[in-house]
Amino acid sequence: MCRSIKTLREPYASDVTGEDVHAAALQYVRKISGFRSPSARNAEAFERAVAAVAAATEALLEDLELRRPPRSRPRS
């Protein structure tokens, strides 16, 4: 399920932005709701769900304890 959602924690991702978290939340809500674009009457519930999933994702990423510190990746 949700194969297009990327892993957002180190060491799989670095410099995760709020935009990355929102995109993942949007993909998740689209998948579970079955709506790519909700109707006007469902738009508010859809956006609330995206915001809640994004907030939960950010909290999870902040609270995760990694076994080792993140690696520094050389920039190309």
Side-chain angles (χ1 to χ4, degrees):
M1 184 169 152
C2 299
R3 292 184 184 134
S4 62
I5 297 175
K6 296 185 283 183
T7 301
L8 298 179
R9 73 165 178 86
E10 291 286 348
Y12 304 102
S14 59
D15 301 326
V16 175
T17 65
E19 194 173 289
D20 296 326
V21 172
H22 183 269
L26 181 59
Q27 284 291 332
Y28 178 77
V29 172
R30 283 177 174 168
K31 183 69 171 186
I32 62 169
S33 70
F35 293 119
R36 169 132 174 79
S37 179
S39 65
R41 70 177 173 201
N42 290 322
E44 188 177 327
F46 191 87
E47 287 304 317
R48 273 196 318 266
V50 171
V53 171
T57 300
E58 288 175 346
L60 172 64
L61 292 174
E62 287 176 15
D63 291 346
L64 287 177
E65 294 182 20
L66 303 176
R67 289 187 178 179
R68 42 189 145 147
R71 295 181 286 171
S72 295
R73 293 184 178 182
R75 300 211 180 233
S76 17

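Numbers for residues simply follow the sequence, beginning at 1. Any value given below was found using the heavy atoms of this structure, including those in side chains, with hydrogens, waters and symmetry copies removed.
Under the 4.5 Å side-chain heavy-atom criterion for grouping Ile, Leu, Val, Met, Phe, Trp and Tyr, Phe35 is connected to Tyr28 within one hydrophobic cluster. The hydrophobic cluster containing Val53 does not contain Leu61, counting ILVMFWY residues as joined when their side-chain heavy atoms lie under 4.5 angstrom apart, directly or transitively.
Minimum interatomic distance between Pro38 and Ala43 (heavy atoms only, all atoms of both residues): CG-CA, 4.0 Å. Counting all heavy atoms, side chain and backbone alike, Ala25 lies closest to Ala54 at CB-N, 3.6 Å. When all heavy atoms of Val21 and Val16 are compared, the closest pair comes out as CG2-CG1, 4.0 Å. Residue Arg30 comes nearest to Phe46 through the heavy atom pair CG-CZ, 3.7 Å, listed as atom of the first residue, atom of the second, then distance. The minimum heavy-atom distance between Ala24 and Leu8, with the atom names listed, is CB-CD1, 4.1 Å.
Under the rule for a salt bridge (Lys or Arg N to Asp or Glu O under 4.0 Å), Glu62 has no partner lying at least two apart in sequence or in another chain.
A side-chain contact (heavy atoms from CB on, under 4.5 Å) with His22 holds for exactly one of Thr17, Thr57, Val50; it is Val50.
Taking CZ of Arg36 as the reference point, atom NZ of Lys31 lies at 12.5 Å (rounded to 0.5 Å).
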